[in-house]
Amino acid sequence: MKKRGLLIILSGPSGVGKGTVRAKFSQDESLNLAYSVSMTSREKRSGETDGVEYFFVSQEEFKEAIKNGELLEWTEFVGNYYGTPLKYVEKLRDEGKNVLLEIEVEGAKEVQRKCPEALSIFLIPPSMAELERRIRGRKTEPEEIVQQRLAKAEREMNMLSQYKYVICNDEVDLAAELISVIIRWHMK
Ligand code: 5GP
């Protein structure tokens, strides 16, 4: 029988660069990774494609998915819903893929409760000032949302002790390499 794939949680405050770091270590085919595409009710940002970054749905569709038990975990983040489709994760793990969830801390807590074997990694910014610079650099959201993301980031940073590994994203290549090493270690 095929060995079941790992469940890997990658968290970190909004703007820390999870996507950039992930893009880097995902190039390493020996990690045998599959990205779990989440469902969200937030507006699509320019450059995002349905089914790639997220499955973009309405609030009603999202609530329906919750009601039908289709989500491994879900949360409300700065006024929008985000959740992990359960069936997809299970299917990929059964196929032997190491499935990567890029989710915030509340969702991560829920996944750790349901799947204690999950490998959890938290990415931190070099400083809060640098995080703010990165969030503002995105220039896609109004000030009110930026403030909410920063406040959430402060709260998230206080919850990093729930993670197995904490990595600083000062230098993307280094952070990606460290994550590759950690995943490879747990694949043994
Ligand atoms: P963004 O709007 O910047 O794409 O995402 C906001 C936050 O929601 C990020 O921290 C991201 O990792 C998190 N997130 C994305 N998908 C999910 C999900 O399925 N579940 C949970 N709990 N958080 C998610």
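Note that ligands are numbered from 1 as they come in the structure, with each ligand's atoms numbered from 1 the same way.
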Answer with yes or no whether the side chains of [Y] and [X] bring together a donor and an acceptor at under 3.5 Å.
X      : Y      : answer
Ser180 : Glu177 : no
Ser120 : Gln112 : yes
Thr75  : Glu106 : no
Tyr88  : Ser36  : no

Could you check whether [X] pairs with [Y] (Lys NZ or Arg NE/NH1/NH2 to Asp/Glu carboxylate O, under 4.0 Å)?
X      : Y      : answer
Lys67  : Glu64  : yes
Glu102 : Arg22  : yes
Arg149 : Glu144 : no

For ligand 1 and Ser14, I'd like to know whether there is a polar contact (N/O to N/O, distance under 3.5 Å).
no
Please say whether Thr75 places an N or O atom under 3.5 Å from an N or O atom belonging to ligand 1.
no
Got the closest protein heavy atom to [atom], with its distance?
atom                    : answer
atom 2 (O) of ligand 1  : Tyr82 OH, 2.5 Å
atom 6 (C) of ligand 1  : Phe77 CE2, 3.5 Å
atom 9 (C) of ligand 1  : Lys18 NZ, 3.6 Å
atom 14 (N) of ligand 1 : Glu102 O, 3.7 Å
atom 4 (O) of ligand 1  : Tyr54 OH, 2.5 Å
atom 16 (N) of ligand 1 : Ser38 OG, 3.1 Å
atom 13 (C) of ligand 1 : Glu104 N, 3.7 Å

Looking at ligand 1, would [X] count as a contact under a 4.0 Å heavy-atom criterion?
X      : answer
Glu156 : no
Trp74  : no
Glu73  : yes
Met39  : no

Is it the side chain, the backbone, both or neither of [X] that has a heavy atom closer than 4.0 Å to ligand 1?
X      : answer
Arg42  : side chain
Arg149 : side chain
Lys109 : neither

Give the numbers and elements of all ligand 1 atoms closer than 4.0 Å to a heavy atom of Gly107.
22 (N)
Mind checking whether Tyr82 and Phe62 have ring centres under 6.0 Å apart?
no
Please confirm whether Trp74 and Tyr81 have ring centers closer than 6.0 angstrom.
yes
Verify, without hydrogens or angle tests, whether Asp50 (side chain) and Phe56 (backbone) share a donor-acceptor contact under 3.5 angstrom.
yes
Quick one: do Glu117 and Arg93 satisfy salt bridge (Lys or Arg N to Asp or Glu O under 4.0 Å)? Show the steps, please.
CA-CA 13 Å; Glu117 79 282 8; Arg93 287 186 77 193; 3.2 Å; yes
